[in-house]
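Have a look at the structure that comes next, please.
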Amino acid sequence: MTIRDIRMFGDPVLTTRSDEITEFDDALRALVDDMLETMDHAGGVGLAANQIGLTRRIFVYDCSHTEDGLRGHIINPVWEAIGEQTQTGQEGCLSIPDISMDTERFETVRVSGRDVDGHPVAMVASGLMSRCIQHETDHLDGVLFLKRLSPELRKEAMATIRTSDWFNS
Ligand code: ZN
């Protein structure tokens, strides 16, 4: 397993839509392992492939510290909201260090996709896991969570980013 470099805000790969995965092979299995290790190393709860520079539709997640206890990966994810209820809570991103902002998301979603063997997978998720699914699938569509912020918070986040060492180095 290898820890991969995480791409930072400003890298065009983060605003690129990723492609569907069609080959379920050993290379994909190795990618899942690398992504889990990279996420763990960075202390994240989710990581999308384009965050390590690969425009492929896969993300890994780890909500095992919450009551749902889930950890794994989803390939070619598609989600839909269940109900209209939303949640607002602090959200951050490994590609945008030191920014944590109140972000509105659907409370409950149903996600479906494939596992590393190509088998269909689906689950209904609420709370943090639901937030993670929405955040990571956004990544695969080339969308960063900054876009989901209120205009005031987005302005505040951008101001912080512009003065951040990681952005200016
Ligand atoms: Zn992110």
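Order of appearance sets the numbers: ligands from 1, and atoms from 1 within every ligand.
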Give a yes or no on this: more than 12 heavy atoms of other residues, nucleotides or ligands lie within 6.0 Å of atom CG of D5.
no

Once the angle between the rings of F9 and F167 is folded into 0 to 90°, is it parallel (under 30°), tilted (30 to 60°) or perpendicular (over 60°)?
tilted

Hydrophobic side-chain clustering at under 4.5 Å (ILVMFWY, transitive links): who's grouped with I3? Put none if nobody.
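Noted: I3 shares its cluster with no other residue.
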
Sequence-distant partners of E91, side chain to side chain contact (heavy atoms under 4.5 Å, CB included), two or more places apart:
T103, R105, R131, H135, F145

Give every donor-acceptor pair under 3.5 Å between a side-chain atom in residues 25-33 and any protein atom, sequence neighbours left out.
{"unit_1": "D25", "atom_1": "OD1", "unit_2": "A27", "atom_2": "N", "d": "3.3"}
{"unit_1": "D25", "atom_1": "OD1", "unit_2": "L28", "atom_2": "N", "d": "3.0"}
{"unit_1": "R29", "atom_1": "NH2", "unit_2": "D117", "atom_2": "OD1", "d": "2.4"}

Strictly under 2.8 Å of the Zn ion (ligand 1): which protein N/O/S atoms qualify?
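Listed by chain and number, the nearby protein N, O or S atoms are C93 SG, H135 NE2, H139 NE2.
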
Hey, what do you get for CG (D19) to CG (N50), rounding to the nearest 0.5 Å?
10.5 Å

